[in-house]
Amino acid sequence: MPLEFAPDGADALPLHVIEQDALEDWLSGQSANVTTWVNAAGFTGGLGQSLLLPDGNGAPEMALAGYGTEAARRRGRFHLAGQAASLPEGVYRLEGLAPERAAEEALGWLFAGYAFDRYKDQKPAKATLVAPEGVDAARLEAIAAGEALTRDLINTPASDMGPVELEAACADLAKEQGAEIEVIRGEALLDENFPMIHTVGRAADQAPRLIDMRWGGTGPTLTLVGKGVCFDTGGLNLKPGASMGLMKKDMGGAATVLGLARMIMALKLPVRLRVLIPAVENSVSGNAFRPGDILTARNGMTVEINNTDAEGRLVLADALSFGAEDEPDLMISMATLTGAARVAVGPDIAPYFTDDGVLSGALDAAALEVADPVWRLPFHEPYEAMIEPGIADLDNAPKGGFAGAITAALFLRRFAGGTRYAHFDIYGWSQSAAPGRTKGGVGMGARALLEALPEVLTL
């Protein structure tokens, strides 16, 4: 179903948002029938509770949404999205919600309408919401649509989302938003000097490719680079089966930058946007690259391969070098890159790296504003020696296991060409369902970036 607000109308049912300690005050202004019904139903205003109240004829007259306590709300986000899923089908209008919470809760309600139903009928929330007064409804709908694109791409298995299909998804988005797209495929990658993208993807049946999308004619330049490894076996350093089970999401970086790009284009932000996606599968075949190989990247640096399962940084390196040649005002890479990042901050937080204090300050503030948690990790320069193997300029998989997210980020920074740069090491997956978040693919960091862009690029 479209993730949109319901048209404003007199038939919208009031949905009273009631904090737990405010229930008695609210009931004091209601009729005896309402008080009796609420008490009989055991409604306390606890977080996540909902209750439909009938009028004298038995028809719905209003609904209540428990908003809990401030302490309870700090332990989650998009709290009213749970009520969107539990209330019966209908149109609702929020009453009693603090204005500063309206945008987050309204967006969460839109997210509750998402379901990945390509292979099986699903049951998203049927309760729709009138946009609360004071929120930018069009902006929230654009964000929800971009998030839905990200989730759909990640959730689609590699049997239907290989490099060919990822390219098609980019082409569809470009056509929808009036962007231009160019694609370099297969052996042409060698002719155009993208050797590491070619090397990582050459063992797969579907040819590797670099997707290059451009949009916008005025404003500062923004380049988004997303890791598009559509499936990662680990290559000759083959992953165990348990570790391979979620590798359809290894193109989550590409999916997230495409969702963010859709938001930017739909909102017509005054930027010149470029999206670069190296789309490959890391497969096993007679021509797969090997541990011990030394590759030469687009920018001339040599890389010793100590683990073929550290392939994402290789394809990103060529794409970042290419993006840096245009000297954009800001370049962002997003990738499902390291397990070390998950160990550091868990599955819900998007860690990022940047040397830019203005960018970091804007991102941190934006993340709090839009309930899209991020956390800055350091480009810790004393660790540079860990990615320098001696036999080549760089090591793609330093031994020892320490600081894996940081050494991967330091590796990528070597290819950013001195541009203003940030790297996000995202998970891209919700391990269990939560309000506004189905189990499965999910965007991380995109909404925080969107919110921060006006300050970062002075739009």
Side-chain angles (χ1 to χ4, degrees), residues 3 78 110-120 122 124 143-173 206 209 211 213 224-233 239 243-263 275-282 311-312 315-316 332-339 341-342 346-352 372-374 424-434 436-450:
L3 305 186
F78 305 134
L110 292 180
F111 286 163
Y114 172 82
F116 182 64
D117 56 5
R118 177 167 178 170
Y119 303 99
K120 177 183 177 181
Q122 303 289 347
I143 291 171
E147 171 70 14
L149 173 62
T150 293
R151 295 185 187 186
D152 280 348
L153 292 172
I154 295 174
N155 284 328
T156 304
S159 54
D160 291 318
M161 188 52 64
V164 170
E165 291 82 10
L166 184 55
E167 177 189 331
C170 293
D172 289 344
L173 179 61
Q206 290 191 14
R209 62 205 64 210
I211 302 163
M213 183 166 63
L224 304 176
V225 183
K227 174 186 170 185
V229 178
C230 296
F231 195 83
D232 180 19
T233 66
K239 292 178 183 287
S243 299
M244 217 182 294
L246 277 183
M247 283 301 99
K248 70 175 185 179
K249 79 171 184 66
D250 213 22
M251 40 66 70
T256 303
V257 301
L258 286 172
L260 175 56
R262 193 197 186 285
M263 298 174 200
V275 178
L276 294 171
I277 294 175
V280 303
E281 288 186 64
N282 187 21
E311 84 299 329
V315 299
L316 285 172
I332 305 285
S333 60
M334 303 192 84
T336 53
L337 203 63
T338 70
R342 308 289 74 74
D348 292 341
I349 301 171
Y352 73 95
D372 188 17
V374 302
F424 281 75
D425 192 337
I426 64 173
Y427 188 48
W429 192 260
S430 182
Q431 294 175 297
S432 58
R437 290 159 63 94
T438 54
K439 180 180 179 180
V442 68
M444 300 178 68
R447 291 184 289 109
L449 277 166
L450 181 72

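Computation of the quantities below employed the complete heavy-atom set of this structure, encompassing side-chain atoms and omitting hydrogens, waters and symmetry-equivalent molecules.
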Checking side-chain contact (heavy atoms from CB on, under 4.5 Å) for the pair Leu258/Leu166: CA distance, chi angles, key distance, verdict? CA-CA 10 Å; Leu258 286 172; Leu166 184 55; 4.2 Å; yes
Tell me if a side-chain donor or acceptor on Asp117 pairs with a main-chain N or O of Gln122 at a distance below 3.5 Å. no
I'd like to know if the side chain of Thr233 and the backbone of Asn282 have a donor-acceptor N/O pair within less than 3.5 Å. yes
Given Met334 and Ile332, is the side-chain contact (heavy atoms from CB on, under 4.5 Å) satisfied, shown in steps? CA-CA 7 Å; Met334 303 192 84; Ile332 305 285; 4.1 Å; yes
In terms of side-chain geometry, is the basic nitrogen of Arg118 or Asp152 positioned less than 4.0 Å from the acidic oxygen of its partner? no
Distance-only, no hydrogens or angles: does the Gln206 side chain make a donor-acceptor pair with backbone N or O of Val164 under 3.5 Å? yes
Residue pair Tyr119 / Asn155, side-chain donor-acceptor N/O under 3.5 Å: no
With a 4.5 Å limit on heavy-atom distance, are the side chains of Leu260 and Leu449 in contact? yes
If you measure from CZ on Arg262 to CG on Asp172, what distance do you get to the nearest 0.5 Å? 11.5 Å
Say whether, by atom type as modelled, one donor and one acceptor occur between the side chain of Ser243 and the main chain of Lys239 under 3.5 angstrom. no
Using modelled atom types only, decide if a donor and an acceptor are shared between the side chain of Arg437 and the backbone of Gln431 within a distance under 3.5 Å. no
Rounded distance (nearest 0.5 Å) linking atom CG of Asp348 with atom OH of Tyr427: 10.0 Å
Are any side-chain N or O atoms of Thr338 and backbone N or O atoms of Ala341, one a donor and one an acceptor, separated by less than 3.5 Å? yes
Considering all heavy atoms, the nearest Ile143-Arg447 contact: CG2-CD, 3.5 Å
Which residue pairs pass the salt bridge (charged side-chain N to carboxylate O under 4.0 Å, His left out) test when at least one of the two sits in residues 248-260, sequence neighbours left out? Lys227-Asp250
Think Arg151 forms a cation-pi with Phe111, using NZ or CZ under 6.0 Å from the six-ring centre and within 45 degrees of its axis? yes
One pair to check against side-chain contact (heavy atoms from CB on, under 4.5 Å): Ile277 and Cys170. What are the steps and the verdict? CA-CA 9 Å; Ile277 294 175; Cys170 293; 3.9 Å; yes
Asp425 and Tyr352: side-chain contact (heavy atoms from CB on, under 4.5 Å), yes or no, with the steps? CA-CA 6 Å; Asp425 192 337; Tyr352 73 95; over 6 Å; no
For residues Ile426 and Ala350, report the shortest heavy-atom separation together with the two atoms involved. CG2-CB, 4.1 Å
Could you tell me whether a side-chain N or O of Thr150 sits under 3.5 Å from a main-chain N or O of Val442, the two making a donor and an acceptor? no
What distance separates Ile211 CD1 from Leu173 CG, expressed to the nearest 0.5 Å? 11.0 Å
Going by the rule ring pair (Phe, Tyr, Trp, His ring centres under 6.0 Å), which residues pair with Phe231 if we only count those two or more places apart in sequence or in a different chain? none
CE/Met213 to CD/Glu167 distance, rounded to the nearest 0.5 angstrom? 12.0 Å
Can you tell me how far the OG1 atom of Thr256 sits from the CG atom of Leu153, to the nearest 0.5 Å? 9.0 Å
Atom of Gly312, atom of Leu337 and distance for their closest heavy-atom approach: C-CD1, 4.0 Å
Testing the basics here: between Gly428 and Ile154, what is the closest heavy-atom pair and its distance to 0.1 Å? O-CD1, 3.6 Å
Does Leu276 reach the side chain of Leu224, with side-chain heavy atoms less than 4.5 Å apart? no
Using every non-hydrogen atom in the two residues, find where Met263 and Ala446 come nearest and quote the distance to one decimal. CE-CB, 4.4 Å
So, taking the atom named CG in Asp232 and the one named CE in Met247, what distance separates them when rounded to the nearest 0.5 Å? 6.0 Å
Heavy-atom side-chain proximity of Trp429 to Leu246 below 4.5 angstrom: yes
Give the minimum heavy-atom separation between Pro278 and Gly226, together with the two atoms involved. CD-O, 3.2 Å
Is it true that a side-chain atom of Glu165 and a backbone atom of Gly162 form a donor plus acceptor pair closer than 3.5 Å? yes
